[in-house]
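Here the structure is a predicted model, which is why all the values come from computation and not from measurement. Only this structure's heavy atoms are used, side chains among them; waters, hydrogens and symmetry mates stay out. In what follows, chains carry the letters A, B, and so on, assigned in the order in which the sequence lines appear, proteins first and then strands, with residues in each chain numbered from 1.
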Amino acid sequence: MGRKPCCSKEGLNRGAWTAMEDDILVSYINKHGEGKWGSLPRRAGLQRCGKSCRLRWLNYLRPGIKRGNISNDEEELIVRLHRLLGNRWSLIAGRLPGRTDNEIKNYWNTTLSKKVLLPPQGSNHSGFSNQLQLQAVASPPPPEDAAPQTRAARSGPRRCGAPR
DNA sequence: AATGTCCTCAACCGCTGTCCC
DNA sequence: AGGGACAGCGGTTGAGGACAT
């Protein structure tokens, strides 16, 4: 269906964001709010595609984002939720306030997947406490992820296209 | 000190689901 | 009802830093 030609448009910046681009994006969103990602870059004066702006905002610039220092409890919770949900990173992130799906996905792929593959030490594979995981698994998700849930019912893992 | 290899993480890409006309 | 536009998701890539030789 009507898929946009994506980010390969000529004349758009790619790669790491500069502090100036961040400033422009943050001030624009603070003024006009989120949404309309397709037209946001043009209106904000950014040489980026809308998807890039959205990703930057959601994963790094949004208020309340926690970066790094994933605690043992959070780590355990990620492992538990991954067992329950599989690679539903957005759902897992919804249970971890301040964490983003991209960060959790990266953390899983680089660190946790290796830990989980290691032989378990004792009944609880890494000696985690049960506090966070119990409350997260047993309780309903926080209200702010109620809306994105509609996106969660996806048709399983997909392969991306040809490598770059 | 120089070089090679591994690891981490920010960002991109392609796809699907939903909304709206 | 059909199709375009938009929003969001998950897999993957690549640059750069850390570490090993």
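Put simply, A:W89 has a side-chain N or O that comes within less than 4.0 Å of OP1 or OP2 on C:dG11. Phosphate proximity of B:dC12 to A:S52: present, with a side-chain N or O under 4.0 Å from OP1 or OP2. Between A:T111 and B:dC7 there is no side-chain N or O to OP1 or OP2 distance below 4.0 Å. Note on A:R56: a side-chain N or O is less than 4.0 Å away from OP1 or OP2 of B:dA11. The side chain of A:W17 contributes no N or O atom lying less than 4.0 Å from OP1 or OP2 of B:dA10. Phosphate proximity of C:dG11 to A:N87: present, with a side-chain N or O under 4.0 Å from OP1 or OP2. Distances shown here put a side-chain N or O of A:R48 below 4.0 Å from the OP1 or OP2 atom of B:dC12.
Here C:dC9 presents its C1' atom at 13 Å from CD1 of A:I92, a figure rounded to the nearest Å. Distance A:N109 CG to C:dG14 P: 16 Å, rounded to the nearest Å. Distance, A:K51 NZ to B:dA10 C1': 16 Å, rounded to whole Å. Spacing between atom CG of A:N106 and atom C1' of C:dA15 amounts to 14 Å, rounded to whole angstrom units. Regarding A:E103, its CD atom lies at a distance of 16 Å from the C1' atom of C:dG10, rounded to whole Å. When the C1' atom of C:dT13 is taken as reference, atom CG of A:N102 falls 12 Å away, rounded to whole Å. At whole-Å resolution of the value, CG in A:L55 and C1' in C:dT13 are 14 Å apart. The CH2-P distance, from A:W57 to C:dC9, rounds to 16 Å in whole Å.
Counting only distance, with no hydrogens or angles, the side chain of A:R99 and the backbone of A:G94 share no donor-acceptor pair below 3.5 Å.
For A:D23, there are no salt bridge (charged side-chain N to carboxylate O under 4.0 Å, His left out) partners two or more places apart in sequence or in a different chain. By the side chain to side chain donor-acceptor pair (under 3.5 Å) test, A:K66 pairs with A:E74, sequence neighbours left out. In this structure, A:R54 has no side chain to side chain donor-acceptor pair (under 3.5 Å) partners at least two apart in sequence or on a different chain. A:N109 meets the side chain to side chain donor-acceptor pair (under 3.5 Å) test with no other residue; sequence neighbours excluded.
The side chain of A:S90 approaches C:dC9 more closely than any other nucleotide in the set C:dC9, B:dA10, B:dC12.
For residues 29-43 of chain A, no pair satisfies salt bridge (Lys or Arg N to Asp or Glu O under 4.0 Å), with sequence neighbours left out.
Using a 4.0 Å heavy-atom criterion, one finds that A:R54 contacts the bases of the nucleic acid, with or without backbone contacts as well.
In the region residues 58-69 of chain A, proximity to DNA chain B at under 4.0 angstrom, judged on heavy atoms, holds for A:Y60, A:R67.
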With side chain to side chain contact (heavy atoms under 4.5 Å, CB included) as the criterion, how do A:W108 and A:W89 come out once you've worked through the C-alpha distance, each side chain's angles and the decisive distance to 0.1 Å?
CA-CA 10 Å; A:W108 177 269; A:W89 305 116; 3.3 Å; yes
